[in-house]
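Heads up: the structure comes next, in structure tokens.
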2 protein chains.
Amino acid sequence: MVVELDDIDLQILELMQANARISNVDLAKELSMAPSAVLERVKKLEQKKVILQYNTAVNPAALNQRLLAFIFIKTKELESDAKIATMLARIPEVQEVHIVAGEDCFLVKVRTEDSASLMAMMRKSIKRVPNVLSTKTTIVLETVKEQQQLVIRKS
Amino acid sequence: MVVELDDIDLQILELMQANARISNVDLAKELSMAPSAVLERVKKLEQKKVILQYNTAVNPAALNQRLLAFIFIKTKELESDAKIATMLARIPEVQEVHIVAGEDCFLVKVRTEDSASLMAMMRKSIKRVPNVLSTKTTIVLETVKEQQQLVIRKS
DNA sequence: CTTGAAAGTGTCAGCTG
DNA sequence: CAGCTGACACTTTCAAG
């Protein structure tokens, strides 16, 4: 995908990354533009899939999801990577599924209530995915930073 | 932190996780409540830090950030974990910093333009953090799923 | 991109159970 | 305390320039 983004677009993205619920008029004030012009740009950014979605970051502790783990999953060498990936992606506790270079094939990020529910989830969901050979789990003791904001470099 | 969340709160969180820019009236319609009551609940959720922030997911490809990597960082055994973590967290390309169990001490998620800029960032930023003994980098070939939405279980 | 106007929304005070 | 109503100001959104 090639998209042309000018400095105004980048500034919009920067402001919206920091606060998705910023109002159009506030955006317009920051950019010294009319609200309608800003709205039009935002709509175009959505439509061009530059903006993928607006989400609310909920405190995991408030929902009793205290355990975070990364699981490396090794599978039989085969062409059907995509199918396995899709099955992993369907597990609700799984927040991320990456296909990675090296001998481990998949890296999965998982959030559960505690270690017991992690084990339950692995037995119930991950180990039932066909062609899974082995898993290697890394437990997170403490998260120091967790954000999806991208670095925006204006020209 | 212990917070009491009832089913209405959970429904608000579910709707806002999926779309942070949903309007108050739409929320109210979904919940069959008056907008003012919903607004009050949302404000309380923000204030109680159940809602941490509203962010916009920007397509990394649109900003030319095509490379995603996870780096395990081993450091000298010491008490000053927190200081190292803070230094890692300050690197703009670093989206996540976790302190993990096992012999690797830190796990860091990084997004850069390409492998050259990843190497540059490692030389310039990570290797300059004191007490870093070694790093082990896992390159992501393809991301199949990436979301931070939590599983919400209504009672 | 701007203006201007209509329709819709956020927000608050005051009221009710 | 949590929710409702009603009212006003502010926003969103669109057509036209």
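Residue numbering restarts at 1 for every chain, and letters A, B, ... go by the order of the sequence lines. Predicted, not measured: the structure shown is a model, and the values here were computed from it.
Formation of a donor-acceptor pair under 3.5 Å by the B:Gln147 side chain with backbone atoms of B:Gln149 is found in this model. For the pair B:Asn55 (side chain) and A:Asn55 (backbone), a donor-acceptor distance under 3.5 Å is present. Remark: the backbone N or O of A:Lys145 is not paired with any side-chain donor or acceptor of A:Thr143 at under 3.5 angstrom. A distance-only check finds no donor-acceptor pair linking the side chain of B:Thr137 to the backbone of B:Ile71 [under 3.5 Å].
An end-to-end axis angle of 30° holds for the helix from C:dC1-D:dG17 to C:dG17-D:dC1, taken from five base pairs per end and rounded to 10°.
Under a 4.5 Å side-chain heavy-atom criterion applied to ILVMFWY residues, the cluster that includes A:Val151 comprises that residue alone.
Taking atom CG on A:Leu39 and atom P on D:dC14, their separation rounds to 7 Å, with Å as the unit. Between A:Lys29 atom NZ and C:dC1 atom C1' the separation is 19 Å, expressed in whole Å.
The stretch residues 12-27 of chain A touches DNA chain D through A:Ser23, A:Asn24, A:Val25, each having a heavy atom within less than 4.0 Å of the strand.
Legend: residues meeting ring-ring contact (aromatic ring centres under 6.0 Å, His included) with B:Phe70, ordered by chain and number and at least two apart, are A:Phe70, A:His98.
Within 6.0 Å of NZ in A:Lys124 there are 12 or fewer heavy atoms belonging to other residues, nucleotides or ligands.
Residues A:Gln95 and B:Gln148 approach most closely at NE2-O, 3.2 Å, considering heavy atoms.
In the model, B:Glu46 has a side-chain atom that pairs as donor or acceptor with a side-chain atom of B:Tyr54 under 3.5 Å.
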Review item, nucleotides 2-5 of chain D N/O atoms under 3.5 Å of protein N/O:
{"from": "D:dA2", "atom 1": "OP2", "to": "B:Lys44", "atom 2": "NZ", "distance (Å)": "2.9"}
{"from": "D:dG3", "atom 1": "OP1", "to": "B:Arg41", "atom 2": "NE", "distance (Å)": "2.9"}
{"from": "D:dG3", "atom 1": "OP1", "to": "B:Arg41", "atom 2": "NH2", "distance (Å)": "2.6"}
{"from": "D:dG3", "atom 1": "OP2", "to": "B:Arg41", "atom 2": "NE", "distance (Å)": "3.2"}
{"from": "D:dC4", "atom 1": "OP2", "to": "B:Ala34", "atom 2": "N", "distance (Å)": "2.8"}
{"from": "D:dT5", "atom 1": "O4", "to": "B:Ser36", "atom 2": "OG", "distance (Å)": "3.3"}

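Listed by first and then second residue, the ring-ring contact (aromatic ring centres under 6.0 Å, His included) pairs involving residues 130-155 of chain B amount to none (not counting sequence neighbours).
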